[in-house]
*Asks:* 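Quick one: the structure is below, questions incoming.
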Amino acid sequence: MHDLKALRADPAAFDAALARRGLPAVAESLVKEDEQRRAALAELQEAQARRKGLAKEIGQAKRNGEDTTEIEARGVALRDRIATLEARANEIQKRIDDVLQRLPNQLDASVPDGRDENDNVVVHQRGEVPSFPFEAKQHFELGEALGLMDFAAAGKIAGSRFVMLRGVLARLERALGQFMLDTHTGEFGYEEVTVPLLVNDASMYGTDKLPKFAEDSFHTDDDRWLIPTGEVPLTASVMGDILPAESLPRRMTTLSTCFRSEAGSAGRDVRGMLRQHQFTKCELVSVVAPEESEAEHERMTRAAETVLERLGLPFRRVLLCAGDTGFGAAKTYDLEAWLPGQKAWREVSSCSNTRDFQARRMNARMRREKTTVFVHTLNGSGLAVGRVMIALMEMYQQEDGSIIVPDVLRPYMGGLTVILI
RNA sequence: GGAGAGAUGGCCGAGCGGCUUAAGGCGCACGCUUGGAAAGCGUGUGUACGUUAAUAGCGUACCGAGGGUUCGAAUCCCUCUCUCUCCGCCA
C-alpha cells in the first residue's frame, strides 16, 4: 500500500516510480480524489460535531423536564445529512484504495532498469559450472531410474504437478529441510516457527497476495487460502501490532508446505518436480526498523547463500531488474543454482525487501519516541527444498545414476554416503 | 457438531440509552519530597484521520469486527470472529 501523504507531497516522484515499472501515471487523478476526500471528511466531521452538541442539549433539556420535540426534529435532519456525507466519504476512500491496492511497490534506487529477466544483473557467482565426463541426466531421469520419484502414482491420486518421493529420496528431502532450519536457527538467529497452512483474506492481503493475485493460490470452500509461501503466515503474524523497538529485529523461519495453482504457467516446466502445485520451502522473514532493512536484506541473502555453499552447489546471485521485480518488493535478489542436467541456472531462492509496503497493508508498526512508524518486512527462501534437491541430484550424480550424499547431509541421512541405483 | 459464558485503554476492572471528557486500581513517565532509595503527594499517560511547520494545539472517529434502531449507543437489536467451560467426535 502507498502513502497518500507522500503522494500528495510529491506527485511527480510517485509517477516516476510507476514509470520505472512501465505503468501509466496516476498521481494527478489521485491528488484530485484526495482533495475531494478531505473536503468530504471536513464536512462530515463538522456535522458530527453538531450532532454531539445537539444530543447533549437534548439530554440537558430532558433532565430539566423541558419539551424537546423541536430540537429532536433538527436532529432527524442532521442524522440523514450525516448518513449522506458518510456514504460519500466512504465511497471516495474506497475509490482511492481500489487504485492504490493494485499499484506495485516503489523500487529501490539500486534496482537496474529493464523489461524482463534478460535485464537482470549477476552480482556474483560462487563455485564453477562443472563439466561432466558423461552426459549429465536431469533429476527426473535419475529419480525415476532409482525408482524413488513417482510421478505416475501422484498423477493417479492427485493429478499433474504432484510427485511422491520414496525411500531415501524422501529422506533426502527431509534431511535438506532439517539442515536448512538448523543452519538458520543455529547460526543466523532465526526463531523456528510452525505455521497454519490455511490463512484468511487479511493475511493474504497484508502480504500483497490479494487482491491482484487471487488466481495464483488455492481457495477453500470455507473462505481460507492455502499458503503460497511460508512468508504469508510468518509476516502476517505481526499484523495490526505495535511492536516495542527492543523486540526488533524479529527473525523467523519455517519449514512449510507451499501451494500454488500455477494458473499462468501451463506447459512450462511440465516434466519433473521443478514446478509443482505443492512443495516444501524453508522461509526466512525479518521484521525490522526502517533504517535496518537494507542491511538486513544483505544479511538474509547471505544466510540463504550459506546453505548453498555448505551443500557445495554452484550458484549465482542475481539482482532483479525493474521489470522482473515482484509486485510487493522494493528490491529482490534471486539465488540461482546450476542444473547440470538441464544446463541452466534455476531459481532456488528469492530474497526481497518490501520496506513498509506490506507493513502498511497489515498496519504493522513499531514504537518510536512519541509516535509510531511502519516496520519494514523482508522475506526470502532459505531455500526452496524441492528445487535444491533437484540441483543436488544433478550435481552429485555418478555415471551409473547413483547419487553421492553431500557431507553436511550425511548426519541427517543416518550416515548414508551414496544413494545407489 | 451441540449447550452455555465472555471480549472495555499497556494490565486489572466499573459502567448496561443522555450528568462518560470511559470511574477506580496497577504499571509507566516526569516533578515535589529525600543524603540516597522506598513510601507519600502532584501531574501526565492510547490509535488513526482531518487541520497545522509541528510527533504543539484544536476537531472527528474508535469500548472484538461489521451492520441496524435512536435526536443521542460502550450500553438495545442482528450477523460474524475469537476466547473460556461442559458434552460429542477425533490425531
Side-chain angles (χ1 to χ4, degrees), chain A residues 1-10 30-101 194-206 210 219-225 233 236-248 257 289-291 356 358-375:
Chain A
M1 186 53 98
H2 296 274
D3 183 2
L4 251 185
K5 278 186 198 160
L7 184 153
R8 199 192 304 154
D10 194 349
L30 280 176
V31 167
K32 263 188 203 141
E33 300 246 47
D34 182 49
E35 270 165 32
Q36 286 178 34
R37 172 186 143 264
R38 285 184 291 151
L41 220 49
E43 218 176 327
L44 171 63
Q45 290 180 359
E46 191 247 346
Q48 284 170 329
R50 276 197 285 139
R51 173 175 66 185
K52 226 183 198 176
L54 211 57
K56 197 157 272 184
E57 228 180 287
I58 292 170
Q60 192 70 43
K62 288 221 161 164
R63 257 173 280 128
N64 296 342
E66 296 163 18
D67 176 58
T68 56
T69 44
E70 191 273 328
I71 332 182
E72 283 187 31
R74 279 196 284 151
V76 174
L78 192 56
R79 178 185 60 189
D80 295 344
R81 184 170 150 71
I82 285 174
T84 308
L85 290 170
E86 209 161 26
R88 195 172 67 187
N90 288 342
E91 191 222 324
I92 298 170
Q93 183 72 56
K94 187 179 179 308
R95 245 180 5 233
I96 294 171
D97 287 346
D98 283 348
V99 174
L100 288 182
Q101 278 171 12
T194 62
V195 298
L197 303 183
L198 292 171
V199 297
N200 58 24
D201 283 354
S203 300
M204 290 288 279
Y205 174 78
L210 289 179
H219 193 241
T220 67
D221 60 11
D222 70 340
D223 271 336
R224 287 181 237 269
W225 300 86
S237 68
V238 299
M239 178 162 59
D241 288 349
I242 300 178
L243 303 162
E246 61 272 19
S247 75
L248 302 179
T257 306
E291 62 277 9
D356 65 359
Q358 295 180 324
R360 284 178 182 281
R361 295 170 84 100
M362 292 192 301
N363 196 25
R365 290 160 290 170
M366 67 177 288
R367 184 70 57 196
R368 269 286 155 83
E369 189 94 6
K370 280 188 167 181
T371 183
T372 62
V373 290
F374 290 108
V375 294

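Residue numbers begin at 1 in each chain, while the letters A, B, ... track the order of the sequences.
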*Asks:* Between atom CD in E72(A) and atom C1' in G18(B), what is the gap in whole Å?
*Replies:*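 Distance check: E72(A) CD to G18(B) C1' gives 11 Å.
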*Asks:* I'd like to know if the side chain of R361(A) reaches the main chain of Q101(A), judged simply by a donor and an acceptor atom lying under 3.5 Å from each other, with no hydrogens or angles considered.
*Replies:* yes
*Asks:* Between E43(A) and R81(A), is there a side-chain heavy-atom distance shorter than 4.5 Å?
*Replies:* yes
*Asks:* Rounded to whole angstrom units, what separation is found between the NZ atom of K56(A) and the C1' atom of U60(B)?
*Replies:* 14 Å
*Asks:* Roughly how far apart, to the nearest Å, are A22(B) and G4(B) at atom C1'?
*Replies:* 29 Å
*Asks:* Would you kindly give the CZ-to-C1' distance between R51(A) and G59(B), to the nearest whole Å?
*Replies:*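 The answer, rounded to whole Å, is 14 Å.
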*Asks:* Please state the P separation for the pair U60(B) and A73(B) - nearest whole angstrom.
*Replies:* 14 Å
*Asks:* Report the distance from atom CG of L44(A) to atom P of A61(B), rounded to the nearest whole Å.
*Replies:*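 Interatomic distance, CG of L44(A) to P of A61(B): 9 Å.
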*Asks:* 5'-most contact on RNA chain B: A55(A) or K52(A), nearest heavy atom basis?
*Replies:* A55(A)
*Asks:* Rounded to the nearest Å, what distance is computed from the OH atom of residue Y205(A) to the C1' atom of nucleotide A65(B)?
*Replies:*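 After rounding, the gap between these two atoms is 17 Å.
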*Asks:* Rounded to the nearest 0.5 Å, what's the gap from NZ on K62(A) to CG on D67(A)? Could you check?
*Replies:* 9.5 Å
*Asks:* CZ of R365(A) to CD1 of I242(A): how many Å apart, nearest 0.5 Å?
*Replies:*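 If we round to the nearest 0.5 Å, R365(A):CZ and I242(A):CD1 are 4.0 Å apart.
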*Asks:* Should L100(A) and L30(A) count as side-chain neighbours, where that means a heavy-atom distance under 4.5 Å?
*Replies:*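 They are in side-chain contact.
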*Asks:* Using a strict heavy-atom distance below 4.0 Å, which residues from residues 80-97 of chain A are in contact with RNA chain B?
*Replies:*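 The answer is none.
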*Asks:* Are the side chains of R74(A) and L54(A) in touch, meaning some heavy atoms are under 4.5 Å apart?
*Replies:*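 R74(A) vs L54(A): side chains touch.
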*Asks:* Return the value, rounded to whole Å, for the distance between atom CG of N200(A) and atom C1' of C80(B).
*Replies:*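 Rounded to whole Å, this separation is 13 Å.
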*Asks:* What's the gap between C12(B) and C49(B) when it is taken at their P atoms, as a whole Å value?
*Replies:* 27 Å
*Asks:* Would you say T220(A)'s side chain and R224(A)'s backbone share a donor-acceptor pair under 3.5 angstrom?
*Replies:* yes
*Asks:* Atom CD1 of I58(A) and atom C1' of G18(B): how far apart are they, to the nearest Å?
*Replies:* 9 Å
*Asks:* Using whole Å, report how far CD of Q48(A) lies from P of A61(B).
*Replies:* 5 Å
*Asks:* Say you draw a straight line from CZ of R50(A) to CG of L78(A); how long is it, rounded to the nearest 0.5 Å?
*Replies:* 5.5 Å
*Asks:* If you assign each of Q60(A) and R79(A) to its closest nucleotide in RNA chain B, which residue comes earlier from the 5' end?
*Replies:* Q60(A)
*Asks:* Could you measure the distance from the CG atom of D97(A) to the NE2 atom of H2(A)? Nearest 0.5 Å is fine.
*Replies:*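 Here the interatomic distance stands at 11.5 Å.
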*Asks:* Under 3.5 Å for both distances, Watson-Crick or G-U wobble, that's the pair rule; now give the dot-bracket for RNA chain B, with | marking pairs to another strand and [ ] for crossing ones.
*Replies:* ((((((((.[[[..)..(.....]]]((((((.......))))))((((((.....)))))).[[[[[..)....]]]]])))))))....
*Asks:* When E91(A) is tested against each of Q93(A), K94(A), R95(A) for side-chain hydrogen bond (donor to acceptor under 3.5 Å, both in side chains), which residue passes?
*Replies:* R95(A)
*Asks:* Taking atom C1' in both G66(B) and A54(B), what distance in whole Å separates the two?
*Replies:* 35 Å
*Asks:* G75(A) near the nucleic acid: base, sugar-phosphate alone, or nothing, with a heavy-atom cut-off under 4.0 Å?
*Replies:*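 Sugar-phosphate, backbone atoms only, no base.
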*Asks:* What distance do F374(A) atom CZ and N363(A) atom CG have between them, rounded to the nearest 0.5 Å?
*Replies:* 5.5 Å
*Asks:* Rounding to an integer number of angstrom, what distance separates A37(B) and G46(B) when you compare their C1' atoms?
*Replies:*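 Roughly 32 Å separates the two C1' atoms.
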*Asks:* Give me the distances for all protein-to-nucleotides 47-50 of chain B N/O pairs that come in under 3.5 Å?
*Replies:*
unit_1: U47(B); atom_1: OP1; unit_2: R367(A); atom_2: NH1; d: 2.7
unit_1: U47(B); atom_1: O3'; unit_2: R365(A); atom_2: NH1; d: 2.7
unit_1: U47(B); atom_1: O2'; unit_2: R365(A); atom_2: NH1; d: 3.4
unit_1: A48(B); atom_1: OP1; unit_2: R365(A); atom_2: NH1; d: 3.1
unit_1: A48(B); atom_1: OP1; unit_2: T372(A); atom_2: OG1; d: 2.7
unit_1: C49(B); atom_1: O3'; unit_2: R37(A); atom_2: NH2; d: 3.1
unit_1: G50(B); atom_1: OP1; unit_2: R8(A); atom_2: NH2; d: 3.4
unit_1: G50(B); atom_1: OP1; unit_2: R37(A); atom_2: NH2; d: 2.8

*Asks:* At under 4.0 Å between heavy atoms, what does R74(A) touch on the DNA or RNA strands: base, sugar-phosphate, or nothing?
*Replies:* nothing
*Asks:* Mind checking the P distance from G27(B) to U33(B)? Whole angstroms is fine.
*Replies:* 23 Å
*Asks:* Just by distance, do the side chain of T371(A) and the backbone of R368(A) share a donor-acceptor pair under 3.5 Å?
*Replies:* no
*Asks:* Pair R37(A), E33(A) - check salt bridge (charged side-chain N to carboxylate O under 4.0 Å, His left out), show working.
*Replies:* CA-CA 6 Å; R37(A) 172 186 143 264; E33(A) 300 246 47; over 6 Å; no
*Asks:* Quantified in whole Å, what is the C1' atom distance between nucleotide G67(B) and nucleotide G18(B)?
*Replies:* 24 Å
*Asks:* When the P atoms of G9(B) and G31(B) are considered, how many whole Å apart are they?
*Replies:*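 One P to the other, the span is 30 Å.
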